[in-house]
Colleague: 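Mind looking over this structure? Questions follow.
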Amino acid sequence: MQEEIGLLQELERIGAEAQAGLDQVADAEALATWRQTYLGKKGALTAALRSLGRLPAEERPIVGQRANQLRETLEASLEARQAQLDQQALTAQLAASAIDVRLPGRPQSLGAMHITSQTLRRIYEIFGGLGFQVFPSREVEDDVTNFQMLNLPPDHPARDMWSTFYLTDPGLLLRTHTSPGQIHAMRHYHPEPLRVILPGKCYRFEQVTSRHEFMFYQVEGLAIARNITMADLKGVLLSFARQMFGPERRLRFRPSYFPFTEPSAEADMDCALCGGKGCRVCKGTGWLEILGCGMVHPQVLRNGGYDPEIYSGFAFGMGPERIAMLKHGIDDIRLFYSADLRFLQQFA
Ligand code: PHE
């Protein structure tokens, strides 16, 4: 009887101690230790059960039953604690890897068309409306096409206007203007009439300033047919100026010199900003130079495969950056290719 009471008390003590210990258990490792301490083969409960043998046979069932109850209770508590710990671990893991969905998203910066491309497209549109096709031409040219076919033989003094970058291959260079494209276009179309614009990059070896870049775009224009006169040239360019800069615009043609046109001219447009009165942009003159032009030189026609006795043509060359500068009041051509977003985004 004494033994029985002692053993039941021992079981109660183990139970109370185990439950209290379980509350302290904070992780899986501590839980494993706890299990060994109370439920393991060498644990407290097993040790208690082993002393059952010392009890009289009739007392054993009561204590044994109590011991089994206790084992079940402790196992249930263990399971509950285990579940609790798993839940805590999961919560911690989720918190650590959490995405705060309340934060605003990172905006994707959207690209936009470069101001030069926008200007080129407008130019294509206008000349397309006048029946001109875009004729692509190469940037790496040979001396013959860039110069000689355009009446600029080696050592011709006018070559000084077009100093360029020469490639290591003899006779090859970066084109200084889009005019060599005239030769390619003529050889492509002759003896049919043609009406093309030739847009693209040009290169010049020169001091870079607010008005000069070593790389810039040009849009060449070329029309060849029977009976083309300077009146056609003037009409086409006036139509272009008015569509690009407004229906009020006027043009004036000043005599000029290019070896590949005869006669040659420079076209000025009246300053839209001051209406021709004279201002900062037109430097007080009321006029803005927009392009070079002229009637295709007979020798150039011949070089392209056309008989100058039958055909005549006009040509012009304009700088789209300059057109954009006039249109948008941009005062430095270096801004175009300096990749400064503050500049570029104004035209996005
Ligand atoms: N190629 C000339 C230049 O670069 C422009 C031009 C083109 C002039 C066609 C007349 C005719 O300056």
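The first residue in the sequence is number 1, and the count goes up from there. In listed order, ligands and their atoms are each counted from 1.
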Colleague: For the residue pair Phe205 and Phe165, categorise the inter-ring angle as parallel (less than 30°), tilted (30 to 60°) or perpendicular (more than 60°).
Modeller: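 Plane angle over 60°, so perpendicular.
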
Colleague: Can you pull out the closest protein heavy atom to atom 9 (C) of ligand 1? Residue, atom name and distance to 0.1 Å, please.
Modeller: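 Of every protein heavy atom, Glu220 OE2, 3.3 Å lies nearest to atom 9 (C) of ligand 1.
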
Colleague: So Tyr311 and Tyr306, would you call those rings parallel, tilted or perpendicular, with 30° and 60° as cut-offs?
Modeller: perpendicular

Colleague: Under 4.0 Å from any heavy atom of Arg204, which atoms of ligand 1 are there?
Modeller: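 In order of numbering, the contacting atoms are 3 (C), 4 (O), 12 (O).
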
Colleague: Does even one non-hydrogen atom of Gln218 get within less than 4.0 Å of ligand 1?
Modeller: yes

Colleague: Can you check whether Leu7's main-chain N or O pairs, donor with acceptor, with Arg66's side chain at less than 3.5 Å?
Modeller: no

Colleague: Can you say whether the rings of Phe240 and Phe245 are parallel (under 30°), tilted (30 to 60°) or perpendicular (over 60°)?
Modeller: perpendicular

Colleague: For the residue pair Phe343 and Phe347, categorise the inter-ring angle as parallel (less than 30°), tilted (30 to 60°) or perpendicular (more than 60°).
Modeller: perpendicular

Colleague: Measure up the Phe132 and Phe127 rings against each other and bin them: parallel (under 30°), tilted (30 to 60°), perpendicular (over 60°).
Modeller: perpendicular

Colleague: Between Ser264 and ligand 1, which residue portion shows a heavy-atom distance shorter than 4.0 Å: side chain, backbone, both, or neither?
Modeller: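 Neither; no heavy atom under 4.0 Å.
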
Colleague: Using a strict 4.0 Å cut-off to heavy atoms of Gly292, name the atoms of ligand 1 that fall inside it.
Modeller: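 Answer, ordered by atom number: 6 (C), 8 (C), 10 (C).
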
Colleague: List ligand 1 atoms under 4.0 Å from Trp162, heavy atoms only on the residue side.
Modeller: 3 (C), 4 (O), 12 (O)

Colleague: Can you sort out which atoms of ligand 1 are near Gly317, meaning under 4.0 Å from one of its heavy atoms?
Modeller: 6 (C), 7 (C), 9 (C)

